[in-house]
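Quick note on labels: first sequence line is chain A, next is B, and so on, each numbered from 1. No hydrogens, no waters, no symmetry mates; every other heavy atom, side chains included, goes into these values.
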Protein chains: 2
Amino acid sequence: MSREVLSTKKQFIFEEAAKLFRDKGYLATSMRELATKVGLEPSSLYSHIKSKEEILQKICLDNAEKFIEGIEAIDQEKQSPVEKIEALIGLHIKIATEDLTSVTVFNDEWRHLGEASLKEFLSLRRSYESRFRKIIETGIETKAFRAIDSNVALFSILTSLRWIHYWYKPGRKLDVTTLQTQIIDLLLHGLKKD
Amino acid sequence: MSREVLSTKKQFIFEEAAKLFRDKGYLATSMRELATKVGLEPSSLYSHIKSKEEILQKICLDNAEKFIEGIEAIDQEKQSPVEKIEALIGLHIKIATEDLTSVTVFNDEWRHLGEASLKEFLSLRRSYESRFRKIIETGIETKAFRAIDSNVALFSILTSLRWIHYWYKPGRKLDVTTLQTQIIDLLLHGLKKD
DNA sequence: GTCTATACGATGATAGAC
DNA sequence: GTCTATCATCGTATAGAC
């Protein structure tokens with residue numbers, strides 16, 4: 001519902017803003033700069049948006065929703081924990097490579113959300129982490145996974161999936177499928193060859 | 001050499017600044033706020049420091065140096081790639097848990113460095129990554145490691161070591177040694193039990 | 001070294017003409 | 001919807017008295 005389609009001009013403003021937020025950070029981006037990129041005077045932006053923060057809110061909450069919807073779909077499948085983790089890694093890679101810009105902002109700038117939307121964001125994040133953690137714990141209980149601390153596993157996996165948006169560029173030597181195979185291999189089997 | 005000992009008051013300013021930078025980000029931290037924390041009027045800060053950026057510079061470059069010194073010490077030992085990777089994981093955990101605040105700022109705020117110090121910082125980082133990558137590549141060549149893309153391995157490991165500063169709090173249930181064992185186990189052997 | 005006072009630019013956002 | 005003009009506020013930093 002909140003991920004509505006935007007009129008073309010409004011969408012263009014959001015896209016240019018996301019690029020600026022990604023490159024310089026939310027706080028370091030000024031509305032004057034954004035206006036220049038869009039080809040408007042600063043004040044004209046406010047015919048399309050309510051405030052600077054509205055842009056950040058949409059970016060952060062839309063991405064949070066994508067992850068939540070993704071994990072819900074994966075979790076209701078009748079699959080083993082190993083398969084679910086593989087699917088989750090795939091989900092992160094898919095979201096990151098489909099819209100590199102917005103996921104970078106989502107990852108790095110959420111803390112500048114205002115009080116109300118920050119609260120909502122953190123609640124969504126906690127819910128995502130908690131579902132992810134449960135999948136890991138099930139894997140440990142069924143002896144599919146090593147008996148590792150579930151938080152160590154959770155955060156190691158989550159953050160090791162976060163470098164993708166720093167590193168991946170369309171047209172890199174490694175294509176998305178290979179990248180995915182390699183990351184799954186590394187996280188599931190480790191660096192060391194037995 | 002640049003990691004000099006500071007007079008107590010100056011040091012106090014740096015410590016309070018680091019806490020603010022960690023909690024709110026560099027740009028969102030004002031000198032007025034810092035002055036309040038330190039118990040001075042804003043202008044009085046400038047009897048101790050040259051500029052706001054000087055603080056960020058010291059934090060970022062000191063930590064960069066710690067990592068460089070650490071990897072140099074590890075790399076000149078006559079050890080196997082596996083042992084070196086274990087030692088590197090230990091280095092990251094040691095630095096992160098010894099001074100959680102400054103390593104967080106180092107990790108998250110370096111991009112707000114000015115032109116000159118940013119250049120220096122990036123050069124140090126590239127040098128660190130390149131030494132790390134060489135260790136991984138040696139491990140792959142000697143068949144100690146899986147034949148994975150060395151960049152995928154490098155960044156997965158590096159970033160999976162970056163969550164520690166988000167998560168670790170002195171007095172957490174997991175002590176540092178256990179944490180280290182678990183992370184080494186996960187990165188070297190993977191999540192899956194064979 | 002600390003203070004008061006202040007310079008001076010940049011910020012997000014609004015009012016109102018067209 | 002876009003503009004010009006502008007507001008109020010806050011940013012880092014400096015000058016100069018004590």
Summary of protein contacts for nucleotides 6-18 of chain C, nucleotide by nucleotide, where a base hit scores B, a sugar-phosphate-only hit scores S (4.0 Å, heavy atoms): -----BBBBB---
Distance, rounded to the nearest Å, where H48(B) contributes NE2 and dT2(C) contributes C1': 8 Å
R162(B) to W163(A), cation-pi by 6.0 Å centre distance and 45° axis angle: no
Distance under 6.0 Å and angle within 45° of ring axis: K52(B) vs Y46(B): no
Atom pair distance, as rounded to whole Å: CD in E41(B) and C1' in dT12(D): 15 Å
Qualifying ring-ring contact (aromatic ring centres under 6.0 Å, His included) pairs with a residue from residues 168-194 of chain B, counting only residues at least two apart or across chains: none
Distance-minimising heavy-atom pair for Q79(A) and K84(A): O-CE, 3.7 Å
Close aromatic pair by centroid cut-off 6.0 Å: F155(B) and Y166(A): no
For residues 31-40 of chain B, dump all side-chain donor-acceptor pairs below 3.5 Å to protein atoms at least two apart in sequence or in another chain.
residue, atom, partner, partner atom, Å
E33(B), OE1, S30(B), N, 3.3
E33(B), OE2, K24(B), NZ, 2.5
T36(B), OG1, R32(B), O, 3.0

Rounded distance (Å) that lies between atom P of dG1(C) and atom CZ of F12(B): 16 Å
Spacing between L40(B) atom CG and dT12(D) atom P, to the nearest angstrom: 15 Å
